[in-house]
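Working notes, structure below.
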Amino acid sequence: GKAFMAAGLQPFQAVNIIGFNTTEWIIADLGAIAAGGIAAGMYTTNAPDACQYVAGHSDAAVVVCQGKKQLEKLLEVQKDLPALKALVVYDYVPTDEDKAKVQVPVHGWADFMALGKDVPDADIEKRIADQKPNQCCTILLGKPSAGNNTIMGVRILTLPARGTLYQFGDALKYNSYLTQFDATTAV
């Protein structure tokens with residue numbers, strides 16, 4: 001959460017996350033929520049225009065993506081994301097060439113996590129304490145399909161955490177899964 005605060009995330013701003021089920025994904029999701037933000041996932045199969053749709057309609061301040069392939073999608077549409085303050089990428093270290101294409105700071109995962117070291121614990125504790133029951137912490141937003149009348153609607157949810165956090169050697173591991181639910185709305 002402190003790294004998101006250092007990147008400029010304000011309460012109720014969105015953090016989009018595009019990647020597979022990894023430790024970084026769950027840390028980004030829970031970190032965004034701890035910082036008072038709203039986590040909003042993106043499908044890894046989204047084309048750049050679908051990424052732009054989700055990031056634009058959620059007013060994403062930060063997008064966390066897995067690898068070069070997902071980063072390239074965001075680089076393509078970043079000019080259409082006026083609320084964007086930072087890009088974060090894991091499983092890939094952004095090159096100088098990548099950084100030259102970006103209009104906002106782009107951080108590799110380790111560098112991003114290090115941003116939070118200068119944020120006082122009292123600041124994140126206040127963000128957590130300021131959260132109230134029934135405040136939005138997660139949204140689901142998909143791109144409308146061009147070929148039919150079904151869209152993914154925005155649903156404000158509270159999902160119980162499902163998973164196991166455990167120590168494996170020197171590494172902290174998290175096995176997670178999402179409960180299946182229908183988030184489509186017929187128009």
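Here the closest heavy-atom approach between residue I124 and residue M5 is recorded as CD1-SD, 3.5 Å. Residues P48 and V77 approach most closely at O-CG1, 3.4 Å, considering heavy atoms. Between A35 and G1, the shortest heavy-atom distance links the atoms CB-O, 3.5 Å. Considering all non-hydrogen atoms of both residues, L9 and A61 come closest at CD1-CB, 4.0 Å. In terms of heavy atoms, G31 sits closest to F4 at C-CD1, 3.7 Å. The minimum heavy-atom distance between N46 and C51, with the atom names listed, is CB-SG, 3.7 Å.
Side-chain atoms of Y43 and I18, non-hydrogen and from C-beta on, never get closer than 4.5 Å to each other. Taking the side chain as every heavy atom from C-beta outward, R127 and P11 approach each other to under 4.5 Å. Under the 4.5 Å side-chain criterion, counting only non-hydrogen atoms from C-beta, M113 is in contact with I27. The shortest distance between side-chain heavy atoms of I17 and M42 does not fall below 4.5 Å.
Side-chain contact, K85 with Q13: a donor N or O sits under 3.5 Å from an acceptor N or O. Counted by atom type alone, D80 and Q52 present zero donor-acceptor pairs between their side chains at under 3.5 Å.
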Practice task
Verify side chain to side chain contact (heavy atoms under 4.5 Å, CB included) between Q66 and T22, making sure each step is shown before the conclusion.
Solution key: CA-CA 9 Å; Q66 181 179 21; T22 62; 3.6 Å; yes

Exercise for the section: Any chance you could lay out the side chain to side chain contact (heavy atoms under 4.5 Å, CB included) test for I38 and S58, step after step, and finish with the verdict? Expected result: CA-CA 9 Å; I38 299 170; S58 64; over 6 Å; no

Exercise for the section: Go through the steps to decide whether V64 and N16 satisfy the test side chain to side chain contact (heavy atoms under 4.5 Å, CB included), and finish with yes or no. Expected result: CA-CA 6 Å; V64 178; N16 293 152; over 6 Å; no

Exercise for the section: Take L87 and V62 through the test side chain to side chain contact (heavy atoms under 4.5 Å, CB included) and record every step on the way to the result. Expected result: CA-CA 6 Å; L87 289 168; V62 180; over 6 Å; no

Practice task
Kindly determine whether D121 and K2 satisfy salt bridge (Lys or Arg N to Asp or Glu O under 4.0 Å), including the steps that lead there.
Solution key: CA-CA 8 Å; D121 289 346; K2 291 174 23 171; 2.7 Å; yes

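Looking only at distances, a side-chain donor or acceptor of D98 sits under 3.5 Å from a matching main-chain atom of T95. The main-chain N or O of V89 is never found under 3.5 Å from a side-chain atom of K68 such that the two would form a donor-acceptor pair. Q70 places no side-chain N or O within 3.5 Å of a backbone atom of G67 that could act as its donor or acceptor partner. Judged by distance alone, the side chain of Q78 and the main-chain N or O of K101 form a donor-acceptor pair under 3.5 Å. Judged by distance alone, the side chain of Q131 and the main-chain N or O of I33 form a donor-acceptor pair under 3.5 Å.
Interatomic distance, L30 CG to C137 SG, rounded to the nearest 0.5 Å: 9.5 Å.
Taking the six-membered ring where the residue is Trp, Y90 and W109 present perpendicular rings, their angle passing 60° and hence far from 30°.
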